[in-house]
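The structure appears right after this line, and notes come after that.
One-based numbering, in listed order, for ligands and for the atoms of each. Side chains included, hydrogens not; waters and symmetry mates left out as well; all remaining heavy atoms used.
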Amino acid sequence: MDIPWWRDAVVYEIYVRSFADASGDGVGDLAGVREHLPYLRRLGVDAIWLTPFYPSPMADGGYDVADYRDVDPLFGSLTDFDALVADAHELGLRVLVDIVPNHSSSEHPWFQAALRGEGRDRYIFRDTINNWQSTFSGPAWTQVADGQYYLHLFAPEQPDFNWRNPEVHQEFLDILRFWLDRGVDGFRIDVAMGLYKAEGLPDVGDQSFKAVSPVWGQPEVHNVYRDWRRLLDGYPGERMAVGEVWTDSPEDLALYVRPDELQQSFNFAWLQAPWSPTAFKKVIDDTLGTVPFATWVLSNHDVVRHRTRYETADPGTGLARARAALLTMLALPGSAYLYQGEELGLPEVTDLPAEARQDPVFFQSEGKLPGRDGCRVPIPWTVDTPSYGFSPGGVEPWLPQPATFAELSVEKQEGDADSTLEFYRRALACHRDLVREIPYTLEWQASPEGALFFTRGPVICAINCGTHPVRLPEHDTVLLASGPLKGSLLPPDTAVWLSS
Ligand code: NOJ
C-alpha cells in the first residue's frame with residue numbers, strides 16, 4: 001500500500017493573525033505567511049494549517065465567519081491566497097485550511113436573514129431555553145428582538161447552525177468544493193464533534209467535552225464526514241481532513257477516523273498528559289491501540305504553550321521538557337502537529353494587561369479566565385523593537401510582545417547550535433530521514449523507573465521524566481538528544497534518539 005503523505009507528516013499550525021504582518025497594520029496576513037514559506041521549508045515541515053482568514057467581524061479571532069468563500073481584507077485577498085498556495089506547492093509544502101461548520105458569524109447573511117424572520121431553521125432558534133452553557137462562560141442562549149432565543153455554544157456572535165437542515169449540509173459541501181478547486185490539500189475541522197445536538201435539546205448535568213452528551217458527539221455527525229470523505233476522495237492528490245475532536249475516550253476519537261470518515265483527528269490526550277512516564281505510555285498505548293492513524297500535538301492557539309505547562313519551580317525545566325516531549329513525539333508512529341513559535345521555545349505570555357486582551361473568553365468570563373491571548377502573541381523574527389520584525393517599520397503589533405522575545409527571536413537563534421530553533425531543524429531532518437521510512441509500529445523496551453524506552457525499527461527513543469539520571473539503553477550511536485547527555489547517562493527532562 002502506498003503511504004499517504006499525511007500519515008507521518010509534520011504539520012505546522014499558522015495562527016495567521018500572529019505569524020507575520022506584511023501589510024503593516026499590526027496584524028499578520030497571508031502575504032506575511034507567503035514571505036516566510038522558505039523559513040518553514042528550511043524548518044522541515046511538510047504542510048501548513050492556516051487558521052481562519054475569511055471575512056469576519058473577529059469576535060473570536062476569525063472563528064466567526066461571515067463569508068466562507070472569501071478572504072478578509074485584514075488578511076489580504078483571494079489573489080494573495082492563490083499566490084500563497086502556488087508558492088507553498090512549489091516548495092513542496094501542502095496547505096490545509098480551517099473550516100468552521102458548527103457556527104457562523106452573527107454577521108453571516110443567513111443569520112442576518114434569520115433575525116428578520118427568514119430561514120430561521122438554518123440555526124437553532126427556540127421559544128424556551130435549556131441549561132446549556134457557552135464554552136466561553138455564560139448561557140449558551142441569546143434572545144432576539146421578537147422574544148425567541150438562539151443557541152451559541154461559543155460567543156453570542158457565533159450562532160450554531162442547525163445541521164438537521166439539509167440546506168446546511170449542501171452549503172458546506174459547496175464550500176469545501178470551493179477551496180478544493182483552489183488547490184487546498186485538506187481541512188482542519190473546527191469543533192468537529194459539535195455539529196449535531198441531541199433531539200429535544202435536553203438539559204445536561206456535565207457539559208465538559210465528554211465522549212457523547214446531548215451537546216457533543218452525537219452519532220449523526222458521522223454521516224457528515226462520510227459525505228465529506230467521498231468528496232475528498234473524488235479529488236486527485238490525497239486531499240484530507242483532520243478533526244478537532246475533544247473527547248475523553250480514545251474509542252470515541254476512533255469513530256471519527258473510520259475508513260470512510262476523516263483521515264485524522266487531533267489527539268488532545270497527548271497534550272493533556274502530565275509529565276509522567278506512565279501517563280505518556282498510557283496515551284501512546286490507548287492511541288495506537290484504537291486509532292488507525294495517530295496524530296500528536298503539544299500546543300495550539302487554544303491552550304497554554306507547553307513550555308509553560310511543563311514549567312516547575314526550577315527554571316529551565318519547562319524548555320528542557322518541551323524539547324524532550326517534541327523528540328519523543330516525533331519518534332512515534334503517526335503525524336505531528338506543531339504550533340507556530342514552539343520551534344523558538346516561546347513561553348505563554350502570562351502578564352498581558354487587561355486592556356490589551358482580545359479573547360472573548362476573557363470578556364465573557366468577566367476577567368475570571370485569562371483566555372488564550374497568551375499563546376497568540378506575535379512571533380519575534382528579529383531582535384529589533386517595537387515588533388521584533390513581526391510588522392514592518394515602527395508598527396505596534398495587535399498584542400504586545402514581552403522584552404524576552406528578543407532573545408527568542410529567529411534572528412537570535414539562527415546558527416546557534418544550542419538554540420531550540422536549530423534543535424527543531426535537526427529533529428525534523430532526522431524524522432524525515434529515519435522514522436518516516438520504518439514500519440508503523442512501536443516496541444516497548446524495559447525502562448528504568450521514571451523513564452520510557454521504545455524502539456521503532458533501528459531507532460531507539462528514550463525519555464527521562466524522572467528526577468535522577470538513568471543509564472542509556474544499549475546502542476551504537478547517539479543520533480540526537482534534546483539536551484546534553486552525561487556520558488552514558490540520560491539526565492532528567494531529556495530525551496534521546498539512538499541507533500541500534
Ligand atoms: C476551536 C478553535 O480552535 C477556537 O479558537 C475557537 O474559539 C472555537 N473552536 C470556536 O470556533
Side-chain angles (χ1 to χ4, degrees), residues 11-19 28 48-66 68 72 75 96-108 111 123-124 132-138 140 142 151-161 163 172 175 187-195 197 207-209 215-217 221 241-247 256 262 264-268 271-272 295 297-305 337-341 348 357-365 369-377 398-399:
V11 184
Y12 183 95
E13 177 189 356
I14 297 186
Y15 189 69
V16 179
R17 296 162 90 193
S18 302
F19 187 65
I48 55 173
W49 145 33
L50 300 169
T51 58
F53 46 76
Y54 313 110
S56 163
M58 302 295 283
D60 182 22
Y63 282 95
D64 46 323
V65 180
Y68 287 85
D72 195 293
F75 300 121
L96 311 183
V97 297
D98 220 309
I99 197 85
V100 188
N102 181 68
H103 46 263
S104 71
S105 157
S106 51
E107 297 295 318
H108 189 285
F111 193 73
Y123 293 91
I124 302 177
W132 295 7
Q133 294 293 298
S134 156
T135 312
F136 292 167
S137 299
T142 290
L151 179 73
H152 51 86
L153 291 180
F154 295 89
E157 297 88 350
Q158 292 168 299
D160 280 47
F161 282 117
W163 272 85
F172 270 91
I175 293 165
F187 300 95
R188 176 267 188 189
I189 306 167
D190 191 60
V191 200
M193 74 299 181
L195 278 38
K197 285 76 184 171
Q207 204 190 306
S208 62
F209 297 122
V215 189
W216 313 110
V221 79
V242 53
E244 186 207 18
V245 179
W246 291 91
T247 131
Y256 292 80
L262 307 177
Q264 293 182 334
S265 260
F266 290 129
N267 186 3
F268 293 122
L271 171 160
Q272 289 168 323
T295 66
V297 54
L298 288 165
S299 277
N300 64 32
H301 66 283
D302 290 328
V303 299
V304 171
R305 282 186 178 277
Y337 280 78
L338 312 183
Y339 176 49
Q340 65 183 35
E348 185 81 0
R357 292 198 179 265
Q358 311 248 349
D359 186 0
V361 170
F362 178 72
F363 299 104
Q364 268 181 242
S365 69
L369 301 172
R372 302 159 294 178
D373 293 314
C375 64
R376 299 175 177 180
V377 174
W398 70 278
L399 277 177

Self-check item: Residues which pass salt bridge (Lys or Arg N to Asp or Glu O under 4.0 Å) with Arg376, listed by chain and number, not counting sequence neighbours
Solution: Asp302
Quiz item: Can you list the residues that meet the salt bridge (Lys or Arg N to Asp or Glu O under 4.0 Å) rule with Glu157, with sequence neighbours excluded?
Solution: none
Quiz prompt | Close residues, ligand 1: non-hydrogen atom nearer than 4.0 Å | solution = Asp60, Tyr63, His103, Phe136, Phe154, Gln158, Arg188, Asp190, Val191, Glu244, His301, Asp302, Arg372, Arg376
Quiz item: Does the distance from a Lys or Arg side-chain N to an Asp or Glu carboxylate O, for Asp72 and Arg17, drop under 4.0 Å?
Solution: no
Quiz prompt | Any residue meeting salt bridge (Lys or Arg N to Asp or Glu O under 4.0 Å) with Asp64, in chain and number order, not counting sequence neighbours | solution = none
Quiz item: Is a side-chain donor-acceptor pair under 3.5 Å present for Tyr68 with Ser104?
Solution: no
Quiz item: Heavy atoms, side chains only, cut-off 4.5 Å: are Lys197 and Trp132 in contact?
Solution: yes
